[in-house]
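Notes follow the structure.
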Amino acid sequence: MAEVKKFVEPMFAEMRRFVTLENVTFQGLDNIPQQNRITKAERKLQMSFEAVLSKALHETVKKPSLGKFYMLSGGHTYEVENNQAYFEGYNFADPEEQTFVLNISAARDVNEHKGYMRFVIPISRNFWIHNLHSSAIQTERSLWLGLLIFPFDDGEVHVFTVTDVQDKQQYMVIEPQYEVTKETLFRIHYAVATGLGLITGTAYFGEAYLLVSSSMEFISFDAISYYSLRETVRSQYMTFTTNMYWVEMLLKEGNYNRYALGMVTDENGEVKRGLVDWVYNETYGQIVYNMYKYPEFARAAIILIDGTDKALDYQAAMYAVALETLCTKLKEIYGMSFDGIINNDQGTWTRIRKPMTKIFRERCGMYEIDKLLEDRIANRIPNLNEISNNDKFNLVIERLGLRKMVSDDEAIRQRNNLLHGNLVDKTSDDSTDFDDMYYYSLVLHRLCTAILFKYGGYKGYLVNNAVLMDRKVACERREPVLIEI
C-alpha cells in the first residue's frame, strides 16, 4: 500500500495555541482575577495567580471541586463542566499575598460538533511498530511508518504516530475517515487502546486533544478540546512478541526452562529470526473491532493489562473474573444452551423434578417451615440439574476452537477458589502459596488472552509465561514456551 498523505503541522500549531491561551477571562467563576494565562501541566491544564485570600476568594477556592464555568480567549469559548476543576497551592491561614493554582481536567470547546475528528494522545514512543504490520504516512516534513487501518461500522479508522519536531513530543493520532460525534470517538479510542494494549502490552490513555474539522485534510479547525483520561496502562506480562532474542535471554536465565531453548534456536544455537510473524491488519483490525462491538471484551482486556502489577492475591481473582466475562459473552454470541447433568431430551429430569418439588413442599408444610424460606429453596430445585460454570466455560472454549492444555483445565478448576479468596491446590509438594498463586495467575492470563486472540482470528504463537517465568510445574511437564493457536 502506498503511503497516505497526512497534514499535521496545522494540528500541532493549533495544539500549541490552545495550551498557551492568553488573556483568558472567566464566566461562572467568581472572585478571581481576569486576563489570565492557561498553561499545560502533566495531564491537566493550569492557571495560577497571586492574590490575598479575601473572604470572597475563600468562598470560591475552598470547594473540593468547582461547578461549571466558561473560559473565553481569542474568540473561543471553552466549557469546564462540573467537578472538572479545583484549586490547590494556597494556605487558609496566610494573610499575605500567595499563589493560587487552578487545575482543569477537561475543557470542551463550545463549537465542538459532529464532524471530522482527530483524537491526539501524547505517547513516549511508537509501541506497535515491531509487532504489527503497518503502512506509512507522508507528512509535510517526512515519511512515518506505523499507520494502522481498522474497519468500523461506518468506515475506516486510521491510527498513526507522528512527532512534533518543535516540541519534540510524539503523539498517537486516531482519525476516523468519516464524521463522528465525541461520544463515538471516545468509544473508538477505548477499543483501539484496549485492543492494541492486549497485543503490545501498552494501552495509551493519559490525556487527549480532540480536534474538529470540516475537512478530512485537517488544515483548519472548528474546535479543539482537552480531556484528561485515566492513566496509561502497561502490562508486566508480554503475551505476544516477535522478539525471539528476548525470549532466548529469559530462558537462559532460568533454572527449569532451559529445555525450551530448542524451540527458539536452531541446531547451531542461533535464534530463529522470523519464527513469530507480525500480527496483520485483518487480525488486529478484528481484535480492535471486537473491543468496540462487545464492551465485555474490552473490560476483560483492560483487566488482563492492568492486573499484572497488582498483588498476586488480586491478580488471580481478576483473571478469574475476566475468564467468566469472556465465556459468558461468547456463550451469548454463539447462542449456546447446555444440557443438564441428567439429559432431559425424553423428559427424564422433568419427571424427577416435579415430584421432588411436591414432596419438598409437603414436608415443609408438615414441619411448619416459613413460606418465604420454603419458596427460596423450592426455586432452587430446577437448577439442581445444571452443569457447573467450569463445565460451561470448557464447552464455550471448545466451541471457540481453542486447544487447551492440562494447565488450562487446572486453572479453570481453581477459578472458584481464586474468586472467593480460598487457598488453591498445591502445584507440587514443595510449592509455596506464592508459587501456586503465581502459576495459576500466569495460566489464567494466558488463557484469557488466547481467547481474545482466537476470536479475533489470530493464527500463530503466543508466549507461555508459565514457562518463560520459570514456573516449576509447567517446566516439569515440558510445556512449550510458545503456544500455537
Side-chain angles (χ1 to χ4, degrees), residues 128 130-133 194-201 235 237-244 246-247 250-251 257 260 262-264 272 274-291 294 296-298 300-301 303-305 308 319-320 322-331 333-334 336 390 393-412 415 439-469 471 474-475 477-485:
W128 63 74
H130 298 296
N131 286 336
L132 279 70
H133 185 268
T194 53
L196 292 183
L198 181 74
I199 301 171
T200 67
S235 176
Y237 305 150
M238 187 64 71
T239 311
F240 175 84
T241 183
T242 60
N243 186 357
M244 294 302 102
W246 172 73
V247 174
L250 291 183
L251 290 176
N257 58 11
M263 188 172 189
V264 298
K272 296 177 182 177
L275 176 63
V276 178
D277 201 0
W278 283 318
V279 179
Y280 283 84
N281 176 268
E282 58 270 19
T283 299
Y284 64 68
Q286 188 62 52
I287 289 174
V288 165
Y289 181 71
N290 290 341
M291 302 293 173
Y294 306 118
E296 297 88 347
F297 282 15
I303 289 173
L304 295 175
I305 303 164
T308 60
Y319 302 151
L323 178 65
E324 184 164 356
T325 299
L326 292 171
C327 289
T328 301
K329 187 59 185 180
L330 285 172
K331 171 185 174 292
I333 292 170
Y334 291 138
M336 296 177 68
N390 290 349
F393 297 162
N394 282 316
L395 289 171
V396 169
I397 294 170
E398 181 181 329
R399 172 67 175 80
L400 177 63
L402 181 65
R403 290 171 293 184
K404 292 193 282 77
M405 298 194 299
V406 172
S407 54
D408 296 320
D409 290 323
E410 289 176 341
I412 291 173
R415 180 193 64 87
Y439 170 72
Y440 288 121
S441 293
L442 291 172
V443 174
L444 282 173
H445 184 274
R446 180 195 70 212
L447 177 59
C448 292
T449 303
I451 288 171
L452 288 166
F453 268 76
K454 184 70 174 180
Y455 192 73
Y458 176 69
K459 295 179 180 179
Y461 291 104
L462 295 180
V463 175
N464 182 3
N465 279 303
V467 173
L468 196 64
M469 302 300 176
R471 294 298 90 197
C475 296
R477 291 187 180 129
R478 292 295 193 265
E479 288 185 5
V481 68
L482 299 174
I483 299 174
E484 188 171 12
I485 67 169

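Considering every non-hydrogen atom in both Ile305 and Gly197, the closest pair reads CD1-C, 3.5 Å. Across all their heavy atoms, Leu444 and Tyr319 have their closest contact at CB-CB, 3.7 Å. Taking both residues in full, the closest heavy atoms of Asp277 and Phe240 are given as O-CZ, 3.4 Å, listed atom of the first, atom of the second, then distance. Listed here is the closest heavy atom pair of Pro480 and Met405: CD-SD, 4.4 Å. When all heavy atoms of Ala320 and Arg415 are compared, the pair lying nearest together is CB-CG, 3.7 Å. Across Gly195 and Val288, no two heavy atoms sit closer than the pair CA-CG2, 4.0 Å.
Qualifying ring pair (Phe, Tyr, Trp, His ring centres under 6.0 Å) partners for Trp278, counting only residues two or more places apart in sequence or in other chains: His133. Annotation: ring pair (Phe, Tyr, Trp, His ring centres under 6.0 Å) contacts of Tyr440 (sequence neighbours excluded): none. By the salt bridge (charged side-chain N to carboxylate O under 4.0 Å, His left out) test, Lys404 pairs with Asp409, sequence neighbours left out. Residues satisfying the ring pair (Phe, Tyr, Trp, His ring centres under 6.0 Å) criterion with Tyr294, sequence neighbours excluded, are Phe297. Applying the salt bridge (charged side-chain N to carboxylate O under 4.0 Å, His left out) rule to Glu410 yields the partners Arg477; only residues at least two apart in sequence or on another chain are considered. His130 meets the side chain to side chain contact (heavy atoms under 4.5 Å, CB included) test with no other residue; sequence neighbours excluded. Evaluation of the side chain to side chain contact (heavy atoms under 4.5 Å, CB included) rule for Ala260 yields Leu251, Val467, Val481 as partners, not counting sequence neighbours. Met238 meets the side chain to side chain contact (heavy atoms under 4.5 Å, CB included) test with Thr241, Trp246; sequence neighbours excluded. Under the side chain to side chain contact (heavy atoms under 4.5 Å, CB included) criterion, Lys331 pairs with Met336, Phe338, Val396, sequence neighbours left out. Take Thr242 and apply the side-chain hydrogen bond (donor to acceptor under 3.5 Å, both in side chains) test, not counting sequence neighbours, and it matches Asn131.
Taking CG of Leu323 as the start and CZ of Phe393 as the end, the distance is 5.5 Å to the nearest 0.5 Å. One finds the CG atom of Asn281 at 10.5 Å from the CD atom of Gln286 (value rounded to the nearest 0.5 Å). Here Trp128 contributes atom CH2 and Leu196 contributes atom CG; the two are 6.0 Å apart, rounded to the nearest 0.5 Å. Here the straight-line distance linking atom OH of Tyr334 with atom SG of Cys327 works out to 10.0 Å at 0.5 Å rounding. Taken from CD1 in Ile397 to CD1 in Ile451, the straight-line distance is 4.5 Å, to the nearest 0.5 Å. Summarising the geometry, atom CG belonging to Asn394 is positioned 8.5 Å from atom CD belonging to Glu398; distances are rounded to the nearest 0.5 Å.
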Take Asn257 and Leu468, measure what side-chain contact (heavy atoms from CB on, under 4.5 Å) needs, and give me the verdict at the end. CA-CA 7 Å; Asn257 58 11; Leu468 196 64; 5.5 Å; no
Set out, in order, the CA-CA distance, both residues' side-chain angles and the distance that settles side-chain contact (heavy atoms from CB on, under 4.5 Å) for Val247 and Val276, then state yes or no. CA-CA 11 Å; Val247 174; Val276 178; over 6 Å; no
List the steps and the verdict of side-chain contact (heavy atoms from CB on, under 4.5 Å) for Leu452 and Leu304. CA-CA 11 Å; Leu452 288 166; Leu304 295 175; 3.9 Å; yes
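A side-chain donor-acceptor contact under 3.5 Å links Arg403 to the backbone of Glu484. Listed for the Thr328 side chain is a donor-acceptor partner under 3.5 Å among the backbone atoms of Glu324. Remark: side-chain polar atoms of His445 are not paired, donor with acceptor, to backbone N or O of Tyr237 under 3.5 angstrom.
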For residues 456-463, which side-chain N or O atoms pair as donor and acceptor with protein atoms under 3.5 Å away, sequence neighbours left out?
| residue | atom | partner | partner atom | Å |
| --- | --- | --- | --- | --- |
| Tyr458 | OH | Tyr461 | N | 2.9 |
| Tyr458 | OH | Tyr461 | O | 2.9 |

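With a 4.5 Å cut-off on side-chain heavy atoms, Leu447 and Leu402 count as touching. Put simply, the side chain of Glu296 does not reach to within 4.5 Å of the side chain of Leu326, judged on heavy atoms. The shortest distance between side-chain heavy atoms of Tyr455 and Ile333 falls below 4.5 Å. Using a 4.5 Å heavy-atom cutoff, the side chains of Ile199 and Phe453 are in contact.
Annotation: salt bridge (Lys or Arg N to Asp or Glu O under 4.0 Å) contacts involving residues 440-458, sequence neighbours excluded, comprise Asp408-Arg446, Arg446-Glu479.
Tested against Ser407, the residues Ile412, Asn464, Val443 include a single side-chain contact (heavy atoms from CB on, under 4.5 Å) partner, Val443.
More than 12 heavy atoms of other residues, nucleotides or ligands shown are found within 6.0 angstrom of CD on Glu282.
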